[in-house]
Participant: 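My questions will all concern the structure given below.
Quick note: numbers below take in every heavy atom, side chains included, and nothing from hydrogens, waters or symmetry partners. The chains referred to below are lettered A, B, ... by the order of the sequence lines, with proteins before strands, and numbering in each begins at 1. Values in this document were obtained by computation on a predicted structure and should not be read as measured data.
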Number of protein chains: 4
Amino acid sequence: MAVRSPAQEQKRRRILDAAVRAFARKGYHACRVGEIASEAGVAYGLVYHYFTSKDEILETIFRETWSQMLTAIEAVEEDRVPAGEQLRKVCAIVLRTWKRDPNLVRVLVREVTRSPHIQREVEEIEQAYGALERIVQRGQESGEFRDDVQPRLAALIVYGALEEILTSWVMGQLDDTDEEVDRAERAVVSIVRDGLRVR
Amino acid sequence: MAVRSPAQEQKRRRILDAAVRAFARKGYHACRVGEIASEAGVAYGLVYHYFTSKDEILETIFRETWSQMLTAIEAVEEDRVPAGEQLRKVCAIVLRTWKRDPNLVRVLVREVTRSPHIQREVEEIEQAYGALERIVQRGQESGEFRDDVQPRLAALIVYGALEEILTSWVMGQLDDTDEEVDRAERAVVSIVRDGLRVR
Amino acid sequence: MAVRSPAQEQKRRRILDAAVRAFARKGYHACRVGEIASEAGVAYGLVYHYFTSKDEILETIFRETWSQMLTAIEAVEEDRVPAGEQLRKVCAIVLRTWKRDPNLVRVLVREVTRSPHIQREVEEIEQAYGALERIVQRGQESGEFRDDVQPRLAALIVYGALEEILTSWVMGQLDDTDEEVDRAERAVVSIVRDGLRVR
Amino acid sequence: MAVRSPAQEQKRRRILDAAVRAFARKGYHACRVGEIASEAGVAYGLVYHYFTSKDEILETIFRETWSQMLTAIEAVEEDRVPAGEQLRKVCAIVLRTWKRDPNLVRVLVREVTRSPHIQREVEEIEQAYGALERIVQRGQESGEFRDDVQPRLAALIVYGALEEILTSWVMGQLDDTDEEVDRAERAVVSIVRDGLRVR
DNA sequence: AATGAATGAGTTTTCATTCAT
DNA sequence: TATGAATGAAAACTCATTCAT
């Protein structure tokens, strides 16, 4: 399966992209395989030529997206900048993904993060937590961050905040103009970094 | 429907509680109506005597729990304590619910965001956001909180953080001993209130 | 599952009998589950209420029929008659089943050998062989039959002969009037018996 | 189709032989066209270049094998030996085929003899019956065999016996060492012959 | 109120066959 | 001749919901 002609790869992508749109529109469960096929403009059976099941499609979407995001996040760790700045960059990566491909994020947020499939993927999510955890830890070691908060909890809090904002966008409860995206990024970063309290 | 004998009410509860356990165990979609019935120790058909659909059961669980939590959160608003302290109390309410009924939280966390039903419930979730939003706003007005962050975004961030921690407990990725619950509460509150940065 | 109300049992039978007719008409593979249902005059889904799969239906037909035939054959063993006469009775039982329920035999004959399921049922076939084997063996011990032929081979030969005749009837290549059934019985018995009989 | 280069003919054979192995392994229905192709080491589509359908492959296997066996059996008729000896030779031909190509026999026994395809082939099977029938008939005419048994029934009984023994070997319920094959041949022949023979 | 058998529309998946290259 | 991607018509099975008792 590793070896695929460019034409094959292209068609596989087409199906995957169509699935993202279809899942985003109706939700994974409500979305029929036939809709993915017609959205992709291919025959019903071809979906099963490239994927073994509807489930595998969702899983693939998750895995491919996630590993992409992970690469970006782990690149931030390499940056020679203060922990606070690294933290900001991570937030930017996550929130900007929304603007780049809202459908994708919609699927990720709605279907993947809380689904039973995920039990299998936990490891991959774990890596994202790990990266942020290490950033916080280094910030603590360098004296930039207070050290009375477990890095793991800090990581959870940051990701939770980001996910909630994404969800709000997904649900249409919050504006997602460029300006608003900026504002959201600043809000998360400044709250987490500096807190709400006036100094 | 409004008039129910105590015996009826009791059986209804039994079905509802059974549903919470069953949904928690396998997820809403994977859980069959028959499993709810046998978990409750009642006949298959009886489930449909008390509820019009499987959907309605989830909705009921959601609504009843949520309104309970909402009442508790809104009570906090009445408290004549600083905004920071109100914020702490809200966190405590949410996180303590986990210890009281983990299955319930599991269902809420896992199913609510993806369910299309939820769109209808958004209003109720909205109220919870609203409460927290007002707390933040009052904190800003009283000069206790900085005012360069939109209250709505602050509310999102807090709930997101709490939800992520709950999810971690649900997924078994994070300890949930009493001590850990305390620690988590403190982490959320102190980060949100004071930020990570050393002052 | 062992406990079934008479009404249930009756409906189960109805489905089973309908399946025999439907399988006989078109063959197991070509027969659709829907045809069984409508042949039985029940809803599609009810078939699955009583049986877990189309496969299980065939298996059940096979098992139930076979155990019935087995009981009859084993009863012959109890008879205090010469081995040659016991052998005749066994042939009569097998061949008369055709007259009683041709559809049933048609299904048995056509599907049994190819079904992979049957591997599991081999045990039951084995018992039938065993009975005939013991009859031959006792015939040899009593000096009625020659003893230079393995009882197991003799049993195979008898059943093979019977099955081929049944198949011929099924395929319509051989008349199956009462008279012809008699003639076939006599042919098998006299060929096999006189061949085995010590001169 | 009649004109085929040696190279083509060879590839056709390769597919046919692969099909025999594949059908023998999993049964005709459970065997996928792709398995035949990969077993033969050719591309999927090539199977359809040489055969119009999966069905035709089975049919071809049957026809080619059968005509070979038929030729051998009909050659026996020419032999100037007693009917009893001719009968023995026919049994030997059928049973020895097993040793030569068990997979082939497995397919013939499992798929062909009882399948719906066969209706079309009945004529060819008929010829085999015919040959044995004539042998018996001549034996009766020459006074070697008793004449109170219809030759057709005798032929059915012989083939049935042989087929059952083959099936037992296929199912692994009976040893098929060379010695056992000899023994089986002798058992069939002596039971059938001595039974038929005038005393 | 309580039971669980009955219903059947809806879905995924399979796979023989075709066809463009 | 050779390849294997593309097609889409089937078919088994599921399961929420209904309903007779």
Participant: Does D:K54 have a side-chain nitrogen or oxygen under 4.0 Å from the phosphate oxygens OP1 or OP2 of E:dC15?
Facilitator: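 False: D:K54 side-chain N/O out of range (4.0 Å or more) of E:dC15 OP1/OP2.
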Participant: Could you measure the distance from the CZ atom of D:R14 to the OH atom of D:Y50? Nearest 0.5 Å is fine.
Facilitator: 9.5 Å
Participant: Roughly, in whole Å, what's the span from CD1 in B:I36 to P in E:dG4?
Facilitator: 17 Å
Participant: From CD of D:Q10 over to C1' of F:dT1, roughly how many Å is that when rounded to an integer?
Facilitator: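 In whole Å, F:dT1 C1' lies 14 Å from D:Q10 CD.
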Participant: To the nearest Å, give me how far apart CZ (D:R12) and C1' (F:dT1) are.
Facilitator: 16 Å
Participant: Under 4.0 Å between a side-chain N or O of D:Y50 and OP1 or OP2 of F:dA2?
Facilitator: yes
Participant: Distance to the ring centre below 6.0 angstrom and angle to the axis at most 45 degrees; does that hold for B:K54 and B:Y28?
Facilitator: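 Geometry flag: set, cation within 6.0 Å and 45°.
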Participant: Under 4.5 Å between any side-chain heavy atoms of B:E111 and B:F62, yes or no?
Facilitator: no
Participant: So which one's nearest nucleotide on DNA chain E is more toward 5', D:C31 or A:C31?
Facilitator: A:C31
Participant: From NZ of A:K11 over to C1' of F:dT7, roughly how many Å is that when rounded to an integer?
Facilitator: 11 Å
Participant: Please report the interatomic distance NZ(C:K11) to OG(C:S5), rounded to the nearest 0.5 Å.
Facilitator: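 The distance works out to 10.0 Å.
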Participant: Among A:R21, A:R32, A:K26, which one satisfies salt bridge (charged side-chain N to carboxylate O under 4.0 Å, His left out) with A:E39?
Facilitator: A:R21
Participant: Would you sketch DNA chain E in dot-bracket for me? Only Watson-Crick or G-U wobble pairs with both distances under 3.5 Å count, crossing pairs as [ ], other-strand pairs as |, the rest as dots.
Facilitator: .||||||||||||||||||||
Participant: Closest nucleotide of DNA chain E for C:G41 versus for A:T52: which of these residues is on the 5' side?
Facilitator: C:G41
Participant: Quick one: CG on D:L104 to CD on D:E64, what's the gap to the nearest 0.5 Å?
Facilitator: 10.0 Å
Participant: F:dT3 phosphate, OP1 or OP2: any side-chain N/O from D:Y48 under 4.0 angstrom?
Facilitator: no
Participant: Roughly how many Å is it from CG in A:D55 to C1' in E:dT13, rounded to a whole number?
Facilitator: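 The distance from CG of A:D55 to C1' of E:dT13 comes to 13 Å, rounded to the nearest Å.
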Participant: Report yes if a side-chain nitrogen or oxygen of B:H49 is closer than 4.0 Å to either non-bridging phosphate oxygen (OP1 or OP2) of E:dA2; otherwise report no.
Facilitator: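 No.
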Participant: So, do A:F23 and A:I36 sit near enough that their side-chain heavy atoms are less than 4.5 Å apart?
Facilitator: yes
Participant: Would you say C:S38's side chain and C:G41's backbone share a donor-acceptor pair under 3.5 angstrom?
Facilitator: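 Between the backbone of C:G41 and the side chain of C:S38 there is no qualifying donor-acceptor contact (under 3.5 Å).
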Participant: Tell me the interatomic distance from C:E56, atom CD, to F:dC13, atom P, rounded to whole angstroms.
Facilitator: 11 Å
Participant: Is the phosphate of F:dA10, meaning OP1 or OP2, less than 4.0 Å from a side-chain N or O of C:R32?
Facilitator: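 No.
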Participant: Hey, which of these two, A:G45 or B:S53, hits DNA chain F nearer its 5' end, going by closest nucleotide?
Facilitator: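 This one resolves to A:G45.
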Participant: I want to verify a distance call: between E:dT12, E:dA6, E:dG4, whose nearest atom is closest to the B:Y44 side chain?
Facilitator: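 Selected nucleotide (nearest to the side chain): E:dG4.
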Participant: Over how many whole Å does the gap from A:F51 atom CZ to E:dT12 atom C1' extend?
Facilitator: 16 Å
Participant: From NE2 of A:H29 over to P of F:dA16, roughly how many Å is that when rounded to an integer?
Facilitator: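 It works out to 11 Å between those atoms.
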Participant: Toward the 5' end of DNA chain F, which comes first, A:V42 or D:L46, by nearest nucleotide?
Facilitator: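 Looking at the nearest nucleotide for each, D:L46 comes out on the 5' side.
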